[in-house]
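Some notes on the structure that comes next.
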2 protein chains.
Amino acid sequence: MGDERAVGTPVLRRLNTASVLRAVRDCAPDPVRLAELVKLTGLTRPTVGQAVEDLVEAGWVQHHHPAAASRKGGRPAVRVSLRGRAAPVLGLDVGPHTVSAGIDDLAGRRLAAVRRSVDHNRASRVLTVVDAVIARALEEAGLGADEIAAVVVATPGIVDSGSGRILLAPSVSGWTSVNLSDHLRDRFRCPVRVENDANLAALAVAGERTGPGTLLAVQWGERLGAGVVIDGRLHRGTGAAGEIGFIRPPGRVPDTDDGRGPLERAIGAEAITEQARRAARAHPESVLRDGPIDTAAVFAAAAAGDAVAARVVDDVARTFAQAIAPAVLVLAPDAVVIGGGVARAGTVLLAAITRHLADLTLTPPDVGISGLAEDTILTGALRMALDDVWHQLPA
Amino acid sequence: MGDERAVGTPVLRRLNTASVLRAVRDCAPDPVRLAELVKLTGLTRPTVGQAVEDLVEAGWVQHHHPAAASRKGGRPAVRVSLRGRAAPVLGLDVGPHTVSAGIDDLAGRRLAAVRRSVDHNRASRVLTVVDAVIARALEEAGLGADEIAAVVVATPGIVDSGSGRILLAPSVSGWTSVNLSDHLRDRFRCPVRVENDANLAALAVAGERTGPGTLLAVQWGERLGAGVVIDGRLHRGTGAAGEIGFIRPPGRVPDTDDGRGPLERAIGAEAITEQARRAARAHPESVLRDGPIDTAAVFAAAAAGDAVAARVVDDVARTFAQAIAPAVLVLAPDAVVIGGGVARAGTVLLAAITRHLADLTLTPPDVGISGLAEDTILTGALRMALDDVWHQLPA
DNA sequence: GAGGTTTTGTAAAGACCTTAATAAACTTCC
DNA sequence: GGAAGTTTATTAAGGTCTTTACAAAACCTC
C-alpha cells in the first residue's frame, strides 16, 4: 500500500523517463534503436525522444555512432546504450581467509576483479588488506573512489542493517570491534552497506533463477549459513535471518568455544571429516583408510560405492534435513540451493538430502547445488549494490 | 520492479483519485471535510474536488449533510465519507465444528455476524450449513449476493491458491472431494478465494500490530498450524507455508492414521491432556488427580503451583520451542503470537516457551498471545477480502 | 448588521503527452 | 547515377490534467 503523495505533471515525466531507462537497461549491454524503445515502453516517439534527451544529459545513457551494422534501408537510427561508467559499483567480500573486490558498471560489465588472501585473520591485518584490494580494484577499473555509486561489503557474522555494525563474527578475531562501515564511509561519498555473506550469496543464487518464488540458499563450508530470498528480495527479519548454523540438531553435539553454532559443529566441513576419520578407524575395509581425508575425499568415496563413506554422507544428509525441515515447512520454499565448499563435493550429498527432506516435509522443495563458482558472495554483493543504485534512480 | 506502461495524463488522474480514496478510507468511518483531504493528500483543491466528484459518481464515497456538528465559523464544509455499501465483503470460517460468516463494509463496520455449529463433520452436511449461514448473514445485512464485492473462505487443510481446491484436510471427511471454490463461485459474481485458516488467523493478528515486520502466528488447538506475515503480506511459499503441525519433534511420537502431523500428535490439545493424565496417575499428590482434565485445567494447576502440572507444561513448551526454533532462526521474526484453544489457557505456557526459545535462538522474538477472541480466523478472512477489494480499486 | 473567517467555486496559465503531418537520410532498384 | 521506397527524426497542433490565482458564498462573532 504505497502512500503516493502530491502527484503533478512533473511526476509523470519522471515516471516515463524511468520507464525508458528500464527498457534501456533490459537491453544492456547492446545499444537500442529509439524506435525499439517506443515499442518496448509503449510510449510515443516524442515522449521517448524527450526522455532519452534528458537521460543523455544526466549521463545515464550515451549515444552510439550511427555508422554501425545491420542497416536495411531507411534513415539511420539513433542508438543509445546504458552508460555504465555513470554509476559503477563496488562489491567486497571479506572472508576469514581471503578478501575479494569487484567493480561492475551499470550494465553489469565487470570492470575489475581482485582477490587476495589474508595470512593472519587478525582484524587489523584484514583491514589493511581490504584497503589494498580496494585500491587495486579502483586502479584496474581506472576509477576514483569518488566515482563509485554504491558499495556493498560481505562479511561473516551478524550485521545490524541499520548502522552496519558487525554484531557477531567469531571467525575473525576482533572483527566486531572494528567499525568497518565507518572505515569505508570515510573513503567513499556514496552509501556503504555491510551485509552478511550468506545473505548476499543467496541474492546471487536468486539472480540465477528467473521469476518470483521463495529460495533458501545455504552456504556450507567450515561454517553454515543461509539466506532467504522471497520474490527477489532478501528477507532479513529482525536482522539475523538465515542463521541455520545455530539450529540444534537432535543428538549430542561436541562443545567448542569458538562461537560456532551447534549445527556447524555437527555437520560443518570439519565435523564431516572428523566423522569420516572415526568411521575409517572403526572399519578398516573402507577406502577412506588410504590417503588424507577431506570432505572431497569422503564424497568421492561415497560416490564410488564405499559403504562406510556412504554411511557418513547419509548421516550428514539426515542431520541437515532434520535441521532445516521445520524451516522448510514454515517457509515452503520453491528451492533449497546449497553452495560453499561442501557443495562442490558433488551430487551424492544432494540425493541423500532430497530423500530425507521428502520424508520430513509436505511439499519437498527442489534441492540443488549452486552453479556459481567461488565468487558467489562477491556476485551477490555487486548485485545488491546495483539494485541499490537502481532503486535510487529518480534522485 | 513494476513494469509501468503507456503513461499519459489519465493515469495521473487515476493515481490521484486513488490517493484521495485512500485518504477517505483512513478517516473512515468519520466523514471528512474536503479541505482536510487537501492537507492529507498533499494535492490541490481543484484536484481533490475533481477526484471526489468522480468518486461520488462511481459510488465509492457519499456526501454528508452539512447540517452537522462542530462549526467554528466560515462557509459550511462539504463533507464526504466512505460509502461502505459500495463494496461489502463476505468472510467465511469453515471449521470442523462450527461455521461462521461475517459481512463487513468498506469502512470496516460489521454488518452481519452469524455462527452455527455442525453436528457431523461430513462434507455434505457442512456444505448445507455453509449455505444456510451465508443466507442468514446476507439477510442480516440486508444485502443480495450480487452486491458482495469479495468473498474469502477459511478452511482447514492445504489450499491451492490458484484453483482454490482443497488438497489436504484430514479433519473433515470428504472435504477434499468437495470443490468449495466452484460451489461458491456460482453463488457470487465476485472473486471467491479459499485460504488456509491458520494463514488468515495470521493476517488478523498482523492487523493488530502496526508497522512492518515479520510475524509467525500460531494457531494451537487440537491441531497446530501457523501463518507467516511479512510486512503485512501473507507468505504462501509454494502453497503450504506455515504447516508447523508436520514438524517432527525430537523423541517418540505416537502413530495415528488420522492425518495429523507429528507435532500435533505430540503437543496438540489432546496430547497435552493425555500427558497430564499419565502424570497424574504416576503422581497422586498432584491436584490434577481431582476433577476432569482438559488443557485449561492443566494450565490452571501449573499456574497455581502444582509441580506435576508445571512439569507437563514445561515439557510441552520445550517441545514446541525445539520444533519451531529452526524456523525462528531462519525467519528471525519480530514476534511469535499464539492463538487458538491452547493459548486461551493463560500465560504459564507463554513464559516457558519464551524461556526455551531464548535458549535455542540468537535473536529471540517476542512471544505473545493473540488478543483476538474466537473470531480470529473470521476477522482474517474479512481482512483479506477487504484488502482484495482495495487492491483492485482502479478497475 | 458589519467585519472576519473559512471554505467553495471558477477561470486562466502552465506542463505534459498524443496525434498527425512533414522533413531527412539511407538503401535498393532501374 | 537518379528515382522510388523505406525507416526514422522533427515539428506543430490539440487535448487533458494540474496548478495558480482570484472571486464568491456562507457562517459566526462582535
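Side-chain atoms are counted along with the backbone in the values below, which use heavy atoms only and exclude waters and symmetry mates. These numbers were taken from a predicted model, which means no experiment stands behind them. By convention in this document, chain letters (A, B, ...) are assigned in the order of the sequence lines, proteins followed by strands, and residues within each chain are numbered from 1.
One atom, NZ of A:K39, and another, P of D:dT7, lie 10 Å apart when rounded to the nearest Å. Taking atom CD on A:E53 and atom P on D:dA9, their separation rounds to 13 Å, with Å as the unit. Between the CG atom of B:L34 and the P atom of C:dT8 there is a distance of 5 Å, rounded to whole Å.
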Exercise. Can you give the dot-bracket line for DNA chain D, using ( ) for pairs inside the strand, [ ] for pairs that cross earlier ones, | for pairs with another strand and . for unpaired bases, where Watson-Crick and G-U count if both distances are under 3.5 Å?
Worked result: ||||||||||||||||||||||||||||||
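Contacts of B:T44 classified as side chain to side chain donor-acceptor pair (under 3.5 Å), with partners at least two apart in sequence or in another chain: B:T47. Not counting sequence neighbours, the partners of B:A149 by the side chain to side chain contact (heavy atoms under 4.5 Å, CB included) test are B:A87, B:V389. Under the rule for a side chain to side chain contact (heavy atoms under 4.5 Å, CB included), the partners of B:L386 that lie at least two apart in sequence or sit in another chain are B:V89, B:D104, B:L106. Under the salt bridge (charged side-chain N to carboxylate O under 4.0 Å, His left out) criterion, B:R83 pairs with no residue at all, not counting sequence neighbours. Partners of B:A107 under the side chain to side chain contact (heavy atoms under 4.5 Å, CB included) rule, at least two apart in sequence or in another chain, are B:A28, B:P29, B:L82, B:D105, B:R109. Evaluation of the side chain to side chain contact (heavy atoms under 4.5 Å, CB included) rule for B:V32 yields B:C27, B:E36, B:L37 as partners, not counting sequence neighbours. Residues passing the side chain to side chain donor-acceptor pair (under 3.5 Å) test with A:R45, sequence neighbours excluded: none.
For A:P76, taking side-chain heavy atoms from C-beta onward, the closest of the listed nucleotides C:dT7, C:dA25, C:dT8 is C:dA25.
Salt-bridge formation is not detected for the pair B:R209/B:D334: no Lys NZ or Arg NE/NH1/NH2 atom is positioned less than 4.0 Å from an Asp or Glu carboxylate oxygen.
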Protein-nucleotides 10-17 of chain C N/O pairs under 3.5 Å:
from   : atom 1 : to    : atom 2 : distance (Å)
C:dC16 : OP2    : A:R13 : NH1    : 3.4
C:dC17 : OP1    : A:N16 : ND2    : 3.0
C:dC17 : O3'    : B:V7  : O      : 3.3

